[in-house]
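Heavy-atom basis, side chains included; hydrogens, waters and symmetry copies ignored. If you read the sequence from its start, that first residue is 1, and numbering goes on from there. As the structure lists them, so they are numbered: ligands from 1, and atoms in each ligand from 1.
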Amino acid sequence: MAEPPSTRYALVGAGTRAWKTYLPLFAHPSPGRSLVGVADSDPRRLAEVAERWSVPVYPTGDVRPMLDDLRPEVLIVTSPDCAHAGQIAAALDAGVHVLTEKPMALTARQAASVVAAERRSRATVRVAHNMRYLNLHRTIRDLLAEGRIGTPTRAHLSYRLRPDHGRSYFLRWHRRAAASGGLQITKSCHHFDLLNWWLADRPQEVTGWTGRLHYHPGPDRGDDERRVPADADIADTVSAVIRYRGGAIAHYSLSARSPWEGYTLTVQGTDGELAARYEVVAAGGARPADRYTVRLSPVDGPPRRITVPRESGTHSGADARMLAALLDGALPDGELPDGGAPPAPGPYGARGPAATAVDGAYAVAVGEAVTRSAAHGGPVAIDGLLPGLVLPEATAGRSV
Ligand SMILES: NC(=O)c1ccc[n+]([C@@H]2O[C@H](COP(=O)([O-])OP(=O)(O)OC[C@H]3O[C@@H](n4cnc5c(N)ncnc54)[C@H](O)[C@@H]3O)[C@@H](O)[C@H]2O)c1
């Protein structure tokens, strides 16, 4: 029997995310995929890669020599956020598909340029918005798509990080807005994408606020866990109101210092309300419950509880599902078509919740709108931040 065709992957940015999530996929020979090369601007990282994988390594953030030499089919982008857009565009221009870590780009303008590069390329982009693949999130999306609360009118998503996690953003490269865009890009892009996906709509206008209320940049005195490096210029508190094309309004907040980690969510609709709580770490650092509960309360009728088992694995099982869907083309159980979008070409499978370049662009644009609104006051129009992004679905807003 003929062997299935093998997909050739190259990777750029061999740091924590790559070592934990992507490189292990190539730890054992697989007929379906192979790692053909790795690039990283830090030669020490490459020395570790070369020790473990016998593939060519490229000590540079410029992916073009690696793509020219090795001709992979897919480039996995796991470099810092500020490097993504240029590397993605270079791959697309070389006809190489891209699986990129979130955020797809640092700015909305960069994100729009990635979408433009994809449109002129035969290759496609998928954004690793892994939170879409969490079983709880899939359940919420299904319930909303089935119209269980009617048409969504309002959402409240309040995310928080435990101090050890929240503070870590102020210790790594993320602490510089020029590298990460601030938490409203590097972290909240997950949540903005979830809101966009759950509500099955595009954001139209955003008013936002940011503050640094917990962590204080300055000289390290060693005795104050709220003290962070002096060059940290990002906020630790983010708040936003997002108005959607169809009329729904979402209220969002993020705090980087909280007794527990996860979120509370309420979505109100024309016929009822959905409420959920996602705990990554419970208060006091305790292990969270083994099941999530989604409460569905119709306007007319008794409330219902739906329980969803907590899955094991990184990001509550989301990473394994995402990789199965994106790398192997296999669809996780209970998959829904991606909002009726046309099947995506490339090695990603034809259906699924995969985030496209356009999805990635909207998640980044909401984050940038928060930054701009926080700096200058007032609402920021999303379409104005995505120049040239004339979208077929631009007129598809729902009436509520
Ligand atoms: N989806 C998730 O849940 C999740 C989780 C963690 C990180 N991430 C994302 O993964 C990416 C990597 O994060 P990380 O935590 O692994 O960071 P990291 O600092 O651990 O690793 C980044 C690597 O990229 C290299 N690098 C730096 N600049 C480069 C450039 N211009 N070109 C090529 N390589 C470069 C560094 O030497 C390092 O090896 C980020 O975009 C981050 O937002 C996503």
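- Residue contacts with ligand 1: Met131 is excluded, as none of its non-hydrogen atoms falls under 4.0 Å.
- Classification of the Tyr278-Tyr263 ring pair by plane angle, with boundaries at 30° and 60°, yields tilted.
- Ligand 1 has His190 within reach: a non-hydrogen atom of the residue lies less than 4.0 Å from it.
- In Glu51, the CD atom is not crowded: 12 or fewer heavy atoms of neighbouring residues, nucleotides or ligands sit closer than 6.0 Å.
- Contacts with ligand 1 closer than 4.0 Å are made by heavy atoms of both the backbone and the side chain of Arg17.
- For atom 29 (C) of ligand 1, the closest non-hydrogen atom on the protein side is Ser41 OG, 3.1 Å.
- For Ala14, the heavy-atom gap to ligand 1 drops under 4.0 angstrom.
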Ring pair (Phe, Tyr, Trp, His ring centres under 6.0 Å), that's the test. Do His137 and Trp197 meet it? Break it down for me.
CA-CA 10 Å; His137 299 161; Trp197 184 61; 7.9 Å; no
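- Contact check on Asp201 versus Arg243 returns no salt bridge, with no Lys/Arg side-chain nitrogen under 4.0 Å from an Asp/Glu carboxylate oxygen.
- Between Asp164 and Arg257, no side-chain nitrogen of the basic residue sits less than 4.0 Å from a carboxylate oxygen of the acidic one, so the salt-bridge criterion is not met.
- Listed by atom number, the atoms of ligand 1 under 4.0 Å from Asp42 heavy atoms are 37 (O).
- Side-chain contact between Arg291 and Leu136 is absent, with no heavy-atom pair separated by less than 4.5 Å.
- Checking Tyr58, Tyr22, Trp19, Trp173 against atom 19 (O) of ligand 1, the nearest heavy atom belongs to Trp173.
- Around atom CZ of Arg172, more than 12 heavy atoms belonging to other residues, nucleotides or ligands sit under 6.0 Å away.
- Listed by number with element, the atoms of ligand 1 under 4.0 angstrom from any heavy atom of Val12 are 33 (C).
- Under 4.0 angstrom from ligand 1, the non-hydrogen atoms of Thr78 all belong to its backbone.
- Atom CZ of Arg109 sits in a sparse spot, with 12 or fewer heavy atoms from other residues, nucleotides or ligands closer than 6.0 Å.
- Closest protein heavy atom to atom 40 (C) of ligand 1: Asp81 OD1, 3.2 Å.
- Heavy atoms of Gln87 approach ligand 1 to within less than 4.0 angstrom.
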